[in-house]
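Taking it in order: structure first as structure tokens, then the write-up.
By convention here, the first residue in the shown sequence is residue 1. Being a predicted model, the structure only gives us computed values, none of them experimental.
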Amino acid sequence: MADKRVIVVTGGGTGIGAATARLLREGGHHVVVSGRRAEPLRQLEREIEVLAYPSDVSDPDAADGLVRAALAAHGRLDGLVLNAGIGRGGAVGDLSLEDWDDVMRTNVTGPLLLLRAAIPHLLQARGSVVAVASVSALRNGASNVPYATSKAALLQLCRSVAIDYGTRGVRANIVCPSWVKSEMADRRMARFAQEADLADGSVESAYQEATRFLPMGRPGEPREVAEAIGWLLSPAASYVNGAVLTVDGGATALDPGTVGFDFHVTPRGGVRNS
């Protein structure tokens, strides 16, 4: 990426967002990072000279303010990485409506508000959008209603941008990671380690157990997803629009009906029989 561009990264304080900010700064680009927690953003600001803008972009005023901050600092806006997200569980019959509302507001409404604020400037720059969805947008698991639904909605939101604005020079694409080491995933793995009564109860063992059926047999690293995001933002992907790129270690390529040929699978408690 030879030309310097201005990119806003939401959820930029840790995990995939922070790795993406680092990658873009290595390429010489200007980066504005947003998130609800100020300290990780400030730390990144000190380390790699990004602009930290703590905010909750599910608030319309905050979304507008984030775009204004990028324009005030750098005079233009060339790209968005829609990475901010939260996870909640639940099946339809026992789902908390509060959890549903929280997930939809953060994972879908927030990106919509930011896109609305940014579109005029992305049109001017003929810019690019990358949404960080999840393999949960494509495949589902038990008790995953709010998260999976929100990520599927985010996928279609981003594709709508690709369709509606592609002829005017704006590209929008989606990455769908599987398990990637991050604070949010670490919390889920800590719970899994307890639920599954793993021998040492460690987060690392939980990651190993959760990913052992994947063709690559391991979780991803944030940098591995960031590399895909960086490419989609770049001119190298100039004819890639509305695409869904799985960065999942082969998870969505696997037929679950063949897993039993290679592994002895024993159901854990709570598994429903057909």
Side-chain angles (χ1 to χ4, degrees), residues 5-18 20-21 24 29-38 40-41 44-45 50-87 101-134 137 147 150-166 168-176 184 225-226 229-230 232-233 241-242:
R5 283 170 283 128
V6 179
I7 312 294
V8 167
V9 181
T10 68
T14 61
I16 292 170
T20 301
L24 293 169
H29 303 298
H30 301 295
V31 181
V32 181
V33 289
S34 171
R36 292 176 177 173
R37 293 185 298 149
L41 300 176
L44 202 63
E45 185 176 51
V50 297
L51 173 62
Y53 188 86
S55 63
D56 178 356
V57 293
S58 65
D59 176 345
D61 291 338
D64 289 341
L66 175 56
V67 171
R68 288 196 303 270
L71 295 171
H74 303 296
R76 60 184 291 166
L77 178 60
D78 299 283
L80 291 180
V81 179
L82 302 173
N83 175 66
I86 62 172
D101 289 341
D102 286 347
V103 171
M104 290 299 166
R105 186 172 64 252
T106 301
N107 294 7
V108 184
T109 303
L112 171 66
L113 293 171
L114 186 53
L115 284 165
R116 283 169 58 89
I119 279 294
H121 310 288
L122 293 173
L123 286 169
Q124 186 175 0
R126 299 180 72 84
S128 180
V129 178
V130 179
V132 180
S134 166
Y147 185 73
S150 72
K151 290 300 187 179
L154 176 62
L155 186 156
Q156 291 298 353
L157 172 63
C158 197
R159 276 187 161 169
S160 295
V161 172
I163 293 165
D164 292 335
Y165 298 100
R168 299 168 67 182
V170 173
R171 297 183 301 107
N173 295 288
I174 304 98
V175 295
C176 289
M184 187 168 79
V225 184
I229 294 169
L232 287 170
L233 288 169
N241 190 33

Would you confirm whether [X], through its side chain, and [Y], through its main-chain N or O, come within 3.5 Å as a donor-acceptor pair?
X    : Y    : value
N83  : V132 : no
D78  : I7   : no
T10  : A84  : yes
N241 : A162 : yes
R5   : G127 : no

Compare all side-chain heavy atoms of [X] with those of [Y] and state whether any distance is below 4.5 angstrom.
X    : Y    : value
L154 : I174 : no
V31  : L44  : no
R37  : L41  : no
V130 : T20  : no
L113 : V57  : no
E45  : L51  : yes

Starting at [atom1] of [X], measure out to [atom2] of [Y] and round the result to the nearest 0.5 Å.
X    : Y    : atom1 : atom2 : result
Q124 : L122 : CD    : CG    : 10.0 Å
S150 : L157 : OG    : CG    : 11.5 Å
S58  : L112 : OG    : CG    : 11.5 Å
L80  : L114 : CG    : CG    : 5.0 Å

**OP:** Test side-chain contact (heavy atoms from CB on, under 4.5 Å) on V129 and C158 and set out the steps.
**Re:** CA-CA 8 Å; V129 178; C158 197; 4.2 Å; yes

Identify the two heavy atoms, one from [X] and one from [Y], that lie closest to each other, and give their separation to 0.1 Å.
X    : Y    : value
S55  : A62  : CB-CB, 4.0 Å
H121 : V67  : CD2-CG1, 3.7 Å
C176 : S134 : SG-O, 3.4 Å
D59  : D61  : OD1-N, 2.9 Å
G87  : V103 : C-CG2, 4.5 Å
G242 : N173 : N-OD1, 3.1 Å

Original post:
In a check of side-chain contact (heavy atoms from CB on, under 4.5 Å) between L24 and each of V33, V50, L233, which one passes?
Top reply: L233

**OP:** Report the C-alpha separation of I119 and V161 in whole Å, then their side-chain angles, then the decisive distance to 0.1 Å, and conclude whether the side-chain contact (heavy atoms from CB on, under 4.5 Å) test is met.
**Re:** CA-CA 9 Å; I119 279 294; V161 172; 4.3 Å; yes

Subject >> CA sep, side-chain torsions, deciding dist, call: R36, I86, side-chain contact (heavy atoms from CB on, under 4.5 Å) >> reply: CA-CA 11 Å; R36 292 176 177 173; I86 62 172; 4.2 Å; yes

**OP:** Decide yes or no on side-chain contact (heavy atoms from CB on, under 4.5 Å) for H74 and V32, but give the supporting numbers first.
**Re:** CA-CA 10 Å; H74 303 296; V32 181; 4.2 Å; yes

